[in-house]
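A short write-up of the structure that comes next.
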Protein chains: 2
Amino acid sequence: MKPGRFFVLIKHFLKINETLLAKIYRTVYFCVVNLKHMNKAEKTRQFIIEKTAPIFNVKGYSGTSINDMIEATGLTKGSIYGNFRNKDEVALAAFDFNLKKMFSAVQAEMDAQKSVKEKLMVYVRIYENFLTYPFPEGGCPILNTSIEADDTHPPLRQKAADAIYSWKNKIEALIKKGIVDNELSAELDPEDVAITLIALVEGGIMISKVTGKLQYRKSIMKAVKKMIDDL
Amino acid sequence: MKPGRFFVLIKHFLKINETLLAKIYRTVYFCVVNLKHMNKAEKTRQFIIEKTAPIFNVKGYSGTSINDMIEATGLTKGSIYGNFRNKDEVALAAFDFNLKKMFSAVQAEMDAQKSVKEKLMVYVRIYENFLTYPFPEGGCPILNTSIEADDTHPPLRQKAADAIYSWKNKIEALIKKGIVDNELSAELDPEDVAITLIALVEGGIMISKVTGKLQYRKSIMKAVKKMIDDL
DNA sequence: ACACAAATATACCGATCGGTATATTTTAAT
DNA sequence: ATTAAAATATACCGATCGGTATATTTGTGT
């Protein structure tokens with residue numbers, strides 16, 4: 001979403017500085033992307049969320065400053081505070097944005113599958129190499145937010161917890177369907193399976209991200225695969 | 001390590017304020033705990049690490065301020081900066097402290113077991129209810145530090161990664177021993193098993209901590225138990 | 001074209017950030 | 001008891017923090 005080669009050409013052709021270029025880019029971006037559906041304020045609001053979401057996901061809530069947000073959007077403090085009451089409100093909206101991005105990447109793939117096992121295998125495929133999917137920069141927002149907020153930021157903590165609940169419920173519902181359809185064994189506990197699957201995926205993301213070893217995540221996804229096969 | 005009932009009595013008896021009480025407590029603490037083994041500076045250094053380690057583990061690196069450290073130790077800024085070059089140095093030492101606390105809690109239990117499976121089951125027992133063990137406040141320091149530092153703080157990131165390597169190697173060695181002893185199947189991949197076990201444990205800590213549901217961690221530990229049983 | 005309102009930018013606030021220079025106190029050798 | 005050195009406390013630094021009041025610009029209905 002940053003000014004690409006075309007805008008760099010403009011910059012050199014018009015001999016303008018970065019700040020002015022950013023302004024021009026924003027203007028064009030607004031014109032192209034935002035058609036008549038949103039009013040101005042709502043557009044700016046969305047623009048701010050979109051631009052700051054990756055920052056919050058990479059640097060965390062307390063690691064992201066208002067200045068980071070100004071830099072990322074090219075807007076000014078007044079404009080940001082004209083659309084959000086405070087930093088918290090942006091952070092919460094940014095979390096929702098990142099979460100939706102992650103979930104919808106999975107959902108799109110999942111809808112294309114028929115059987116329950118095939119649907120569950122989508123997790124293996126996506127998390128094994130999520131760099132090739134439209135995944136939020138900075139990794140899993142649930143994981144990042146959980147760890148930072150669990151002891152320090154109740155509203156964010158709640159959002160992260162809710163995300164886990166809905167993720168768990170989604171898997172649980174899938175498994176129950178699989179049992180009803182006689183595809184999966186009736187003996188297994190859907191909730192146990194769901195929460196274990198989530199733990200494996202999240203643990204795998206953490207480990208491979210901090211070590212930089214993709215191999216570790218592949219090992220773990222192999223275990224997930226086996227777990228689904230054995231259902 | 002906080003002033004206990006005895007010191008509260010002193011406080012009321014002498015009618016002194018919290019600050020003075022803290023000073024008295026520190027003095028007594030120093031006298032009692034630190035015998036001749038360390039020189040003064042080294043004692044203070046250890047004291048600072050001990051007191052700030054839980055803060056770093058709860059609030060994170062960027063969420064912990066020098067003022068937090070002053071409050072936790074009862075010392076002054078000059079004293080802290082006389083023993084550490086900067087905040088980073090304290091944070092790194094605090095991580096080591098928390099890590100050692102966690103690992104030694106496991107190691108003590110593990111040494112008491114004979115078979116490999118029994119040793120591995122220690123993880124189940126400890127992480128299923130780690131509130132009853134001398135576990136670092138704020139949860140697993142590897143998890144907390146990994147998530148915060150992976151994109152933002154290279155030296156801390158490295159420490160967290162190294163902790164995972166050594167943890168993995170320890171489990172791997174155990175499993176290899178189990179294979180040699182004909183206790184475990186020779187077909188399994190020790191590294192895969194080790195890294196999967198770590199992922200399950202860490203994922204479980206994250207999920208149960210952010211949701212507040214101990215049950216989730218128990219579900220996951222049930223899966224770990226089954227995994228070990230099936231080795 | 002004009003006026004009013006909405007949106008954005010500018011300028012500023014006190015508080016706190018991490019860090020340092022210096023003063024004071026404590027420790028330890030003589 | 002004296003004194004030099006080590007350790008700790010005090011006072012201060014510029015930068016940045018999140019946030020706000022106000023000025024300016026932009027959009028919109030007439």
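Residue numbers start from 1 in every chain, and the chains themselves are labelled A, B, ... in the order their sequence lines are given, proteins ahead of strands.
- A straight line from CD1 of A:Ile70 to P of C:dA11 spans 13 Å, rounded to a whole angstrom.
- A:Ile66 has its CD1 atom 17 Å from the P atom of C:dT10, to the nearest Å.
- Checking D:dT10, C:dT8, D:dT8 against every side-chain atom of A:Ser79, the shortest atom distance belongs to C:dT8.
- Close to C:dT8, at under 4.0 Å from its OP1 or OP2, lies a side-chain N or O of A:Asn83.
- Close to C:dT20, at under 4.0 Å from its OP1 or OP2, lies no side-chain N or O of B:Tyr81.
- Among residues two or more places apart in sequence or in another chain, the ring-ring contact (aromatic ring centres under 6.0 Å, His included) test is passed with B:Phe95 by none.
- At a non-hydrogen distance threshold of 4.0 Å, A:Asn86, A:Lys87 from residues 86-96 of chain A come into contact with DNA chain D.
- Among residues two or more places apart in sequence or in another chain, the side chain to side chain donor-acceptor pair (under 3.5 Å) test is passed with A:Thr52 by none.
- Residues passing the side chain to side chain contact (heavy atoms under 4.5 Å, CB included) test with A:Lys59, sequence neighbours excluded: A:Ile55, A:Thr64, A:Asp68, B:Thr152.
- Whole-Å rounding puts the A:Lys77 NZ to D:dA21 P distance at 14 Å.
- When each of A:Asp68 and A:Arg85 is assigned the nucleotide of DNA chain D with its nearest heavy atom, A:Asp68 is the one assigned upstream, toward the 5' end.
- Every residue two or more places apart in sequence or in another chain that forms a side chain to side chain contact (heavy atoms under 4.5 Å, CB included) with B:Leu92 is listed here: B:Pro155, B:Leu156, B:Lys159.
- In this structure, a donor-acceptor pair under 3.5 Å is absent between the side chains of A:Glu71 and A:Asn67.
- Scored by the side chain to side chain donor-acceptor pair (under 3.5 Å) test, A:Asn86 finds no partners at all (sequence neighbours excluded).
- The distance between atom NZ of B:Lys43 and atom P of D:dA6, rounded to the nearest whole Å, is 17 Å.
- The aromatic rings of B:Tyr216 and A:Tyr165 lie perpendicular to each other, with more than 60° between the two planes, well past the 30° mark.
- Straight-line distance from the CG atom of A:Leu75 to the P atom of D:dT25: 17 Å, rounded to whole Å.
- Residues satisfying the side chain to side chain contact (heavy atoms under 4.5 Å, CB included) criterion with B:Ala93, sequence neighbours excluded, are B:Ile49, B:Phe84.
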Could you go through residues 136-145 of chain A and list every donor-acceptor pair under 3.5 Å that involves a side-chain atom there, pairing it with any protein atom two or more places apart or in another chain?
from	atom 1	to	atom 2	distance (Å)
A:Asn144	ND2	A:Asn57	O	3.1
A:Asn144	ND2	A:Asn57	OD1	3.1
A:Asn144	ND2	A:Gly138	O	2.9
A:Asn144	ND2	A:Cys140	O	3.3
A:Thr145	OG1	A:Pro141	O	2.7

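- Nucleic acid contact class of B:Ser62 (heavy atoms, under 4.0 Å, all strands): none.
- The phosphate of C:dT8 (OP1 or OP2) has a side-chain N or O of A:Thr44 nearer than 4.0 angstrom.
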Give me, pair by pair, the N or O atoms of the protein and of nucleotides 14-16 of chain C that are less than 3.5 Å apart, along with how far apart they are.
none

